[in-house]
Peer 1: 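Let me give you the structure first, and then I'll get to my questions.
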Amino acid sequence: KAGVTQTPRYLIKTRGQQVTLSCSPISGHRSVSWYQQTPGQGLQFLFEYFSETQRNKGNFPGRFSGRQFSNSRSEMNVSTLELGDSALYLCASSLRLDRDNEQFFGPGTRLTVL
Amino acid sequence: DQQVKQNSPSLSVQEGRISILNCDYTNSMFDYFLWYKKYPAEGPTFLISISSIKDKNEDGRFTVFLNKSAKHLSLHIVPSQPGDSAVYFCAASAVYGNKLVFGAGTILRVKS
């Protein structure tokens with residue numbers, strides 16, 4: 001069974017640009033969550049999607065947005081990039097929404113903003 | 001405002017000895033706790049969890065202890081192996097759904 005895949009793996013952008021990251025969950029998984037990992041901050045929750053609906057949102061500005069498609073694939077978008085957006089963006093999928101359901105993480109997309 | 005804190009950025013342990021990783025939380029609504037392990041260039045992988053109705057959960061070499069009154073949990077790895085060298089994240093959950101609140105992580109180095 002293929003794991004969670006994220007594309008691209010690495011990305012370099014400049015301030016002010018926008019970026020779209022993609023996540024393909026494990027086949028059959030309907031829940032996708034996104035996290036931002038920065039040194040010293042751990043993983044910070046961005047948002048969670050289930051059946052194409054955003055079910056939960058973290059404390060990030062409106063420049064961060066996401067969506068989920070009918071095949072459960074998800075994208076997140078960051079507009080007007082800032083230097084502080086440089087981070088590893090991780091996507092995790094699970095079968096259902098309930099928290100006892102193990103989340104499986106992808107390898108992440110490393111975003112560098114210059 | 002870090003609701004989950006891992007105060008030790010790194011820990012170095014000799015192979016065969018016990019590794020103890022600590023985690024403190026401030027939100028009394030947290031009632032489900034997890035540990036994840038992360039190798040470089042890979043996503044975190046689930047290691048072990050504990051519900052607040054328990055104070056201990058074991059899985060092979062890994063044991064998680066929960067002290068609700070102190071809002072503290074710890075992960076014990078016995079015996080430690082070089083392959084355990086990774087970043088360990090503590091995470092907590094309080095509501096229905098998958099929203100997890102993570103600590104900053106502790107780098108564990110197991111020396112052979």
Side-chain angles (χ1 to χ4, degrees), chain A residues 2-7 9-10 21 23-26 29-51 53-60 68 74 87-110, chain B residues 1-10 21-27 29-54 57 59 62 73 86-108:
Chain A
V4 178
T5 57
Q6 292 187 245
T7 56
R9 291 294 308 277
Y10 302 92
L21 312 181
C23 171
S24 293
I26 292 173
H29 285 196
R30 296 170 63 195
S31 174
V32 173
S33 298
W34 288 89
Y35 295 85
Q36 180 196 65
Q37 184 190 355
T38 53
Q41 292 291 317
L43 282 73
Q44 296 192 72
F45 175 78
L46 280 155
F47 21 68
E48 171 191 18
Y49 288 88
F50 184 82
S51 294
T53 302
Q54 188 179 90
R55 302 295 177 129
N56 219 333
K57 191 176 190 306
N59 296 325
F60 278 81
Q68 187 181 33
S74 177
L88 180 68
Y89 289 89
L90 291 159
C91 158
S93 77
S94 61
L95 266 174
R96 302 182 302 271
L97 262 182
D98 61 282
R99 60 188 180 172
D100 291 344
N101 228 232
E102 182 180 342
Q103 290 191 55
F104 294 84
F105 282 84
T109 294
R110 172 73 63 186
Chain B
D1 169 30
Q2 280 197 305
Q3 298 184 69
V4 177
K5 297 179 184 178
Q6 295 177 254
N7 292 317
S8 299
S10 65
L21 297 99
N22 294 303
C23 179
D24 297 294
Y25 61 95
T26 58
N27 189 339
M29 298 302 290
F30 288 148
D31 61 354
Y32 187 64
F33 305 89
L34 308 90
W35 284 93
Y36 280 82
K37 179 168 75 172
K38 185 181 185 300
Y39 293 118
E42 294 181 14
T45 54
F46 170 76
L47 201 52
I48 191 169
S49 64
I50 187 166
S51 161
S52 62
I53 60 172
K54 292 184 171 183
N57 189 26
D59 185 2
F62 302 91
L73 63 155
V87 181
Y88 289 78
F89 292 99
C90 165
S93 168
V95 298
Y96 174 83
N98 283 337
K99 180 178 177 179
L100 295 173
V101 181
F102 282 83
T106 296
I107 301 170
L108 173 66

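When reading the values below, keep in mind they use all heavy atoms of this one structure, side chains included, and skip hydrogens, waters and symmetry mates. Just so we're on the same page: letters track the sequence lines, and every chain starts at 1.
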Peer 1: Are side-chain heavy atoms of B:Cys23 and B:Val4 found at a separation under 4.5 Å?
Peer 2: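 A side-chain contact exists here, since the closest heavy-atom pair is under 4.5 Å.
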Peer 1: Does A:Lys57 have more than 12 heavy atoms from other residues, nucleotides or ligands lying within 6.0 Å of its NZ?
Peer 2: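 Yes, the 6.0 Å shell around NZ holds more than 12 heavy atoms from other groups.
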Peer 1: Side chain, backbone, both or neither: which part of A:Gln37 has a non-hydrogen atom closer than 4.5 Å to chain B?
Peer 2: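 A:Gln37 touches chain B through side-chain heavy atoms alone.
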Peer 1: Could you tell me whether a side-chain N or O of A:Glu48 sits under 3.5 Å from a main-chain N or O of A:Arg55, the two making a donor and an acceptor?
Peer 2: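 No: the side chain of A:Glu48 does not pair with the backbone of A:Arg55.
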Peer 1: Does A:Val32 offer a backbone N or O that forms a donor-acceptor pair with the side chain of A:Ser93 under 3.5 Å?
Peer 2: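 No: the side chain of A:Ser93 does not pair with the backbone of A:Val32.
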Peer 1: Heavy-atom cut-off 4.5 Å, strictly under: side chain, backbone, both or neither for A:Arg9 against chain B?
Peer 2: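 For A:Arg9, the side chain is the part near chain B, not the backbone.
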Peer 1: Could you tell me which portion of B:Tyr36 (side chain, backbone, both or neither) has an atom closer than 4.5 angstrom to a non-hydrogen atom of chain A?
Peer 2: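 Looking at B:Tyr36, just its side chain touches chain A.
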Peer 1: Does any heavy atom of chain B fall under 4.5 Å from the side chain of A:Leu43, the backbone, both, or neither of them?
Peer 2: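 For A:Leu43, the contact with chain B is made by backbone and side chain together.
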